[in-house]
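Note that the structure is predicted; figures quoted are calculated from it, not measured. In what follows, every chain begins at residue 1, and chains take the letters A, B, ... in the order their sequences are listed.
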Amino acid sequence: MPYWIIDINHEVVIRENVKRDEMWLWTIDDKGERLVLVDGSFKPFVHIEPSSDAQLENFVEGLKRELVGLLDDVRIVEKRKLGRPVKVVEVVFKDSDAKEKGLERLSDFRGVSNVYNSDIRPSLLYFITRDLKPSTWIDAKIIGSLKISNVPYEVREIRDPRVVEVRDPPSLREMYVLAFAFRKIGTPNPDEDPIAFIAVAVDNNEPFIIDGDNDKEIIDQLIKLVAKIDPDLVVGWETNRWVFDYLGRRAKVNKIRLALGRNGDEPRAGVYGHVSLVGRIHIDLRDIAEGIAELKMKTLEEMAIHHGIWSGESIDLIDLNDMWFANERESVKKYALKLVDVLRRLWKLYFDYTVHLSSLVGYPMDYVLKASPGHRVDGYIVYHSMKLNELIPRKIESPYEKYKGAIVFTPHPGLHSNVAVLDFASMYPHIIAKYNVSPDTLMRSDEESEAYVAPEVKHRFRVSPDGLYKSAILKLLEARKQIKKRIKELPEGPERTALEAQERAIKVVANAMYGYMGWVSSRWYMKEVAEAITAWGRNTIITAAELASKRFGLKVIYGDTDSLFVEYRGEVINKLIEAIEDELGMEIKLETVYKRILFTEAKKRYAGLTINNELDLTGFEAVRGDWCDYAKRVQERVLSVLLNTGDVNYAINVAKEMLELFKSGNFTIKDVTIWKSLDKPLAEYKARAPHVSIALQLSKKGWRFKVGDKIGYVVMKGQGPIYERAVFYADADKSMIDIDYYITNQIIPVILRVLEPVGVTEDQLMVKSTKGGLDQFF
DNA sequence: GCGAGGTAATTACCT
DNA sequence: ACAGGTAATTACCTCGCG
């Protein structure tokens with residue numbers, strides 16, 4: 001009977017007067033039955049590497065004496081440390097409490113050189129030692145049944161779980177939750193402001209509102225509803241950031257228990273800010289929004305717009321708050337119902353992806369979404385190294401050391417026609433695989449064997465055997481290749497969508513591998529390894545650029561890291577691609593062809609019109625979140641006209657027309673709002689910036705800001721620095737807006753940025769506009 | 001005291 | 001808390017000048 005793992009939690013319990021560690025696996029079997037599988041066989045353990053002068057047998061005896069009363073077993077085992085065999089002592093404790101005590105005793109024990117595994121969470125250690133992955137199907141030996149108080153399911157005691165065949169996840173009971181609290185002025189405060197209502201959707205049923213005379217009733221109803229529906233999956237928005245914390249504090253005020261877990265537990269604050277509900281998967285969709293770079297404003301509405309599933313007007317939280325107090329409560333609730341439906345539709349787009357990311361990385365679905373790219377790679381590598389019998393170093397932060405990264409070519413400014421973009425496919429991963437770049441293959445200076453030598457930096461890597469990183473990345477690259485092949489063979493449909501999601505999950509981990517190697521907190525951090533990869537990368541792109549220009553006479557217009565922008569001349573491009581692949585042994589692809597492309601003198605900025613008539617904007621203000629909408633729109637339109645027609649005067653006229661419209665007051669407050677992030681706590685700012693100064697003012701009025709929040713401001717008429725004239729966008733009075741500021745500091749600069757390379761000067765924007773403007777073009 | 005010119009602080013982007 | 005490379009604005013400092 002296969003079981004699909006929903007959630008896992010680790011408990012230390014006393015059963016029949018014996019204390020033991022238990023792993024509770026919350027599962028669904030293939031008949032849709034919910035079951036808890038309890039494995040009581042897990043004993044926490046560490047690996048201890050004795051210092052080189054220690055006598056192994058004596059050392060073991062010493063350990064036994066030191067840890068008397070805490071041990072289950074002590075034995076010498078063969079492991080590998082950076083590929084070389086080593087003998088270490090496996091110390092198995094009776095239970096996790098004993099482990100805590102034991103580690104304390106060991107902290108000053110003589111002869112210990114290294115302790116391994118002590119910083120890996122028990123549930124993860126359990127999973128990796130048994131080669132289990134969450135969000136997969138498993139099988140196990142049933143050895144009996146147990147009771148867990150408050151758990152309404154059958155609980156089976158198991159041994160020897162193992163992964164069974166890969167297939168689709170079972171159908172899950174889903175609950176979507178949006179909680180609302182309001183406050184007349186400022187951020188709602190859980191000690192004073194009640195939960196106003198909660199919008200809920202269950203599975204695919206009609207959304208509804210949980211309402212009540214006070215929030216004790218509301219929270220009570222929520223608890224009862226969760227108990228009744230008993231969802232496997234709870235999806236919310238900002239639930240990790242504040243909602244569950246807020247609900248918890250309101251529950252406390254109302255003297256009720258926020259029993260939302262499957263065992264009746266309250267939400268638990270987990271690692272890295274994740275809130276877990278025992279036995280359920282809790283997804284905060286905001287965590288996914290965080291990873292979407294194109295999404296400037298991390299709101300549910302913006303995310304829905306990004307995915308093309310939003311219709312109608314968005315109402316921002318401040319307006320919603322005002323509506324609530326203006327007694328337009330029914331409209332607020334109606335809007336909330338729409339939001340909860342959108343939440344559900346968005347989650348469906350990410351379900352497959354999250355399942356695959358979870359089973360690839362080895363973290364439960366909710367935790368893997370919250371985990372940073374670095375921790376996702378860490379999860380993947382930890383599993384992989386366990387399979388290779390490698391010791392898993394503890395995470396320690398090494399001192400920061402700067403090293404050289406990628407190369408960016410200086411662009412040829414101006415308007416170009418017919419430009420091809422060539423991209424090396426997964427350049428860094430392929431460099432790692434090709435040159436066996438890894439901490440366990442790096443050669444010491446006195447070592448002699450066949451080696452790959454990195455250019456410039458001259459670090460050497462053994463040709464064989466395959467290193468930790470090479471084998472890890474090859475698995476990903478090969479899996480991805482297979483999936484891509486299958487995708488090509490499939491028609492559009494759910495099967496293909498799921499494969500695409502799997503491919504995305506693999507890509508996310510593969511792309512972060514290089515970064516992980518240069519991360520000072522990574523378990524296998526080694527500067528030389530990261531440095532060698534970028535050195536080979538620079539060498540690769542420079543060689544390719546030389547082939548293009550010297551052998552094929554193709555002008556290289558620009559290039560960044562793993563891409564080359566070259567003149568597009570028919571078959572010559574194919575010959576170039578062949579030559580590059582031949583001589584460098586790396587795959588390079590024709591990514592895009594631009595009919596026209598504009599470069600300024602700046603790197604990392606260009607605008608192109610593809611042969612499919614798509615406008616690609618890169619780096620410019622128009623794609624940045626910290627310029628006002630009006631200026632961004634002007635820049636985009638000017639570029640669109642310039643690239644579509646190639647007519648500079650036309651572009652000038654469009655610019656002037658939009659400038660005139662602006663001068664005559666044809667804009668809204670939102671058009672001129674500038675949004676900037678607070679990247680650190682307010683107290684830590686050294687410089688006076690407009691958004692910081694506004695956040696400080698608002699703090700005094702009862703607003704609370706978290707790191708990462710965005711502050712919108714508008715610049716008003718008057719004297720002095722901008723930070724003195726900036727006003728919170730919601731408090732702005734349109735008649736006081738400093739139109740001149742916006743013209744000289746926002747609109748004119750973004751126009752000139754893209755028109756100066758084609759010879760336009762500021763004076764040409766100043767004379768009144770004539771004919772041939774915007775209307776004619778659009 | 002004032003303006004020119006440089007620089008630190010800050011944010012957000014690219015690959 | 002994945003990496004380095006880059007552009008750009010604003011506040012603020014230094015310096016020369018009167």
Side-chain angles (χ1 to χ4, degrees), chain A residues 271-273 291 293-296 370-381 395 397-398 400-411 421 423-429 508-525 527 529-535 537-538 541 558-565 591 600-606 616-628 631 674-680 684-693 707-708 710-711 713 715 720-726 741 744-746 749-750 752-753:
Chain A
V271 267
Y272 305 113
E294 304 87 71
L295 205 61
K296 310 298 173 191
K370 187 82 201 170
S372 68
H375 288 104
R376 290 173 184 173
V377 173
D378 193 63
Y380 176 74
I381 305 255
K395 279 185 214 165
E397 189 166 340
S398 310
Y400 175 76
E401 309 164 272
K402 204 170 168 53
Y403 67 89
K404 237 170 135 183
I407 194 165
V408 188
F409 296 139
T410 305
V421 184
D423 258 320
F424 279 99
S426 303
M427 185 199 242
Y428 287 173
V508 159
V509 176
N511 283 351
M513 288 248 326
Y514 149 71
Y516 179 80
M517 302 180 186
W519 180 30
V520 290
S521 296
S522 109
R523 293 179 196 271
W524 288 273
Y525 168 75
K527 189 190 92 166
V529 171
E531 198 176 35
I533 294 166
T534 56
R538 293 191 297 275
I541 198 73
Y558 178 64
D560 184 348
T561 313
D562 58 359
S563 66
L564 281 183
F565 292 60
E591 197 63 41
T600 71
E601 289 189 349
K603 298 172 174 180
K604 300 197 182 276
R605 293 187 157 206
Y606 54 86
D616 271 356
L617 302 183
T618 308
F620 284 121
E621 287 79 2
V623 297
R624 291 180 64 99
D626 58 349
W627 285 74
C628 79
I674 297 164
W675 293 90
K676 280 205 159 74
S677 295
L678 289 172
D679 280 1
K680 53 188 167 195
E684 284 172 27
Y685 279 92
K686 288 184 220 159
R688 277 186 277 193
H691 66 302
V692 179
S693 121
V707 169
K710 278 201 158 63
I711 311 285
Y713 66 88
V715 178
I722 296 158
Y723 68 82
E724 282 177 7
R725 295 190 280 134
Y741 167 83
T744 48
N745 294 51
Q746 291 265 320
V750 305
L752 287 178
R753 188 105 53 229

| said: Once you apply a heavy-atom cut-off of 4.0 Å, does A:V520 come out as touching a base, just sugar-phosphate, or nothing? | reply: nothing
| query | How far apart are the closest heavy atoms of A:D562 and A:I541, and which atoms are they? | reply | C-CD1, 3.7 Å
| note | Exactly one of A:V377, A:I533, A:V529 clears side-chain contact (heavy atoms from CB on, under 4.5 Å) with A:Y514, and that residue is A:I533
| query | Touch check for A:R376, heavy atoms < 4.0 angstrom, all strands: base, sugar-phosphate only, or nothing? | reply | nothing
| query | Contact class for A:S372 vs. all strands (heavy atom < 4.0 Å): base, sugar-phosphate, or nothing? | reply | sugar-phosphate
| Where do A:Y428 and A:T561 land on the side chain to side chain contact (heavy atoms under 4.5 Å, CB included) test, with the steps shown first? | CA-CA 10 Å; A:Y428 287 173; A:T561 313; 3.8 Å; yes
| query | So what does A:P373 hit on the nucleic acid, given a heavy-atom distance under 4.0 Å: a base, only sugar-phosphate, or nothing? | reply | base
| query | What is the nucleic acid contact for A:S522, judged by heavy atoms within less than 4.0 Å: base, sugar-phosphate only, or nothing? | reply | nothing
| message | Mind checking if A:R624 touches a base, just sugar-phosphate, or nothing, with heavy atoms under 4.0 Å? | response | base
| task | For A:A530, answer base if it contacts any base atom (sugar-phosphate contacts may also be present), sugar-phosphate if it contacts only those atoms, and nothing otherwise; contact means non-hydrogen atoms under 4.0 Å. | result | nothing
| 5' priority, DNA chain C, between A:A687 and A:R753 [closest heavy atom] | A:R753
| field | Basic-acidic side-chain contact under 4.0 Å: A:D560, A:K603 | value | no
| field | Aromatic plane relationship, A:W519 with A:H375 - under 30° parallel, 30 to 60° tilted, over 60° perpendicular | value | perpendicular
| Touch class at under 4.0 angstrom, heavy-atom based, for A:Y400 against every strand present | sugar-phosphate
| request: Please confirm whether the backbone N or O of A:S677 pairs with a side-chain atom of A:H691, one donor and one acceptor, at under 3.5 Å? | output: yes
| field | Sugar-phosphate only, base, or nothing, as touched by A:Y741 at under 4.0 Å among non-hydrogen atoms | value | sugar-phosphate
| request: Could you check whether A:Y403 gets within reach of a base, just the sugar-phosphate, or nothing at all, counting any heavy atom under 4.0 Å? | output: sugar-phosphate
| If you look at every strand shown and take non-hydrogen atoms under 4.0 Å, does A:K395 touch a base, only sugar-phosphate, or nothing? | nothing
| If you look at every strand shown and take non-hydrogen atoms under 4.0 Å, does A:G405 touch a base, only sugar-phosphate, or nothing? | sugar-phosphate
| message | Output the rounded distance in Å from CD (A:E621) to C1' (B:dC13). | response | 11 Å
| query | When we call it a touch if two heavy atoms are under 4.0 Å apart, what does A:N745 touch: a base, just sugar-phosphate, or nothing? | reply | sugar-phosphate
| message | Over all strands shown, is A:Y606 touching base, sugar-phosphate only, or nothing at heavy-atom distances under 4.0 angstrom? | response | sugar-phosphate
| query | Does A:T534 reach the main-chain N or O of A:K404 with its side chain, forming a donor-acceptor pair under 3.5 Å? | reply | yes
| Outermost nucleotides of DNA chain C that come under 4.0 Å of a non-hydrogen atom of chain A | C:dA1 to C:dC12
